Amino acid sequence: MKHYILAIFTFVIISCKQYSNENKVVGLTQVETNIPANVDSDFRLFLDFFNKDSIFQLNRIDFPIKVKDFQKVEFELNERVINKIDYSLKTFQINKTSDLEDFGEYEQIIKIENEKAIIEISGIGNGIAIDYEFAKVNGKWKLITWTDQST
């Protein structure tokens, strides 16, 4: 009987740990959609699925990823490395009339040139300034880095 209880207890502990790590990686419930074969033919098509599908998004980032963040204390950009377990899902569909306006209004500009794309997110009067950089790697769009200069 003791072995049976110990086995159940061990299973519960391992299950909880795995569930906790999975949720931390994606930050939300994983959603998977049917990705079309031509998803990389157009950056905006790719971005639509990058926003919708958490598994697709995680597969389109080579971890660990190096990013830069503005440090208010030092007044400089510091580079840091984000592992898959510490990554939070990104979405690039900002609606100026959404409930997210606690910080003010946002502007999003997408610049596409050849096999590179930058999504610039700027807050209007609130100090938000983040550039997300994408590039085609082996024919597939990927998020390669971002720079957060928000103050």
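Here the structure is a predicted model, which means the values were calculated and not measured.
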Visitor: Taking side chain as C-beta onward, heavy atoms only, is Leu58 less than 4.5 Å from Lys84?
Guide: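 Yes. Closest side-chain heavy atoms under 4.5 Å.
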Visitor: I'd like to check Leu47 versus Ile110 (side-chain heavy atoms, cut-off strictly below 4.5 Å). Are they in contact?
Guide: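 Of all side-chain heavy-atom pairs linking Ile110 with Leu47, at least one is under 4.5 Å.
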Visitor: Can you sort out the partners of Asn51 under side chain to side chain donor-acceptor pair (under 3.5 Å), two or more places apart, ordered by chain and number?
Guide: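 None.
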Visitor: In chain order, what residues pass the salt bridge (Lys or Arg N to Asp or Glu O under 4.0 Å) check against Glu120, with sequence neighbours excluded?
Guide: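 With sequence neighbours excluded, Glu120 shows a salt bridge (Lys or Arg N to Asp or Glu O under 4.0 Å) to Lys111, given in chain and number order.
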Visitor: Which pairs would a plain distance check flag for residues 128-141, meaning a side-chain donor or acceptor within less than 3.5 Å of a matching protein atom at least two apart in sequence or in another chain?
Guide:
residue : atom : partner : partner atom : Å
Lys136  : NZ   : Asp40   : O            : 2.8
Trp141  : NE1  : Asp40   : O            : 3.4

Visitor: Please output the side-chain donor-acceptor pairs of residues 112-119 that fall under 3.5 Å, not counting sequence neighbours, one pair per line with the distance.
Guide:
none

Visitor: Is a side-chain N or O of Gln108 found less than 3.5 angstrom from the main chain of Phe92, in a donor-acceptor match?
Guide: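 A pair under 3.5 Å: yes.
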Visitor: Going through the distances and angles, do Asp48 and Arg44 end up as a salt bridge (charged side-chain N to carboxylate O under 4.0 Å, His left out)?
Guide: CA-CA 6 Å; Asp48 183 45; Arg44 292 181 192 274; over 6 Å; no
Visitor: Is the closest side-chain heavy-atom distance between Val39 and Phe56 below 4.5 Å?
Guide: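 Answer yes - side chains close enough.
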Visitor: Between CZ of Phe49 and CD1 of Ile35, what distance do you get to the nearest 0.5 Å?
Guide: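 The CZ atom of Phe49 sits 5.5 Å away from the CD1 atom of Ile35.
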Visitor: Run the side chain to side chain donor-acceptor pair (under 3.5 Å) test against Asn59 and tell me which residues pass, sequence neighbours left out.
Guide: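 Applying side chain to side chain donor-acceptor pair (under 3.5 Å) to Asn59 gives none.
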Visitor: For Lys68, look at atom NZ and say whether over 12 heavy atoms of other residues, nucleotides or ligands are found less than 6.0 Å away.
Guide: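 Open: at most 12 neighbouring heavy atoms sit under 6.0 Å from NZ of Lys68.
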Visitor: Go through the structure and list residues passing salt bridge (Lys or Arg N to Asp or Glu O under 4.0 Å) with Asp148, not counting sequence neighbours.
Guide: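 Here no residue qualifies.
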Visitor: Answer whether the closest heavy-atom distance between the side chains of Asp62 and Lys142 falls below 4.5 Å.
Guide: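 Side-chain contact under 4.5 Å: yes.
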Visitor: Which atom names give the shortest non-hydrogen contact between Gln57 and Ile61, and what distance separates them?
Guide: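 Smallest heavy-atom distance, with atoms named: O-CG1, 3.5 Å.
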Visitor: To the nearest 0.5 Å, what is the distance between CG on Leu89 and CG on Asp53?
Guide: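 Those atoms lie 10.0 Å apart.
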Visitor: Give me the atom names and distance for the closest heavy-atom approach of Ser150 to Phe70.
Guide: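 Taking every non-hydrogen atom into account, O-CD2, 3.6 Å.
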Visitor: With a 4.5 Å heavy-atom cut-off, do Phe46 and Arg60 have their side chains touching?
Guide: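 Phe46 reaches Arg60 side chain to side chain.
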Visitor: Please evaluate residues Glu79 and Leu77 with respect to the criterion side chain to side chain contact (heavy atoms under 4.5 Å, CB included), reporting the C-alpha separation (whole Å), side-chain torsions for both, the decisive distance (0.1 Å), and the verdict.
Guide: CA-CA 7 Å; Glu79 187 173 87; Leu77 285 174; over 6 Å; no
Visitor: Can Lys66 be said to sit on top of Trp146's aromatic six-ring, NZ or CZ under 6.0 Å from centre and within 45° of the ring axis?
Guide: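 Output no; distance or angle outside limits.
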Visitor: With Asp42, which residues qualify under salt bridge (Lys or Arg N to Asp or Glu O under 4.0 Å), at least two apart?
Guide: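 Partners of Asp42 by the salt bridge (Lys or Arg N to Asp or Glu O under 4.0 Å) criterion come out as none, since no residue qualifies.
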Visitor: Taking atom CZ of Arg80 and atom CG of Asn83, what is their separation to the nearest 0.5 Å?
Guide: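 Rounded to the nearest 0.5 Å, the CZ-CG separation comes to 10.5 Å.
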Visitor: Report yes if the side chains of Phe63 and Val81 come closer than 4.5 Å at any heavy-atom pair, otherwise no.
Guide: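 No - every pair of side-chain heavy atoms lies 4.5 Å or more apart.
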Visitor: Minimum heavy-atom separation for Gly123 and Asn126, please, with both atom names.
Guide: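 Heavy atoms of Gly123 and Asn126 come nearest at CA-OD1, 2.8 Å.
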Visitor: Mind checking the NZ-OG spacing from Lys90 to Ser54? Nearest 0.5 Å is all I need.
Guide: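 Here the rounded value is 14.0 Å.
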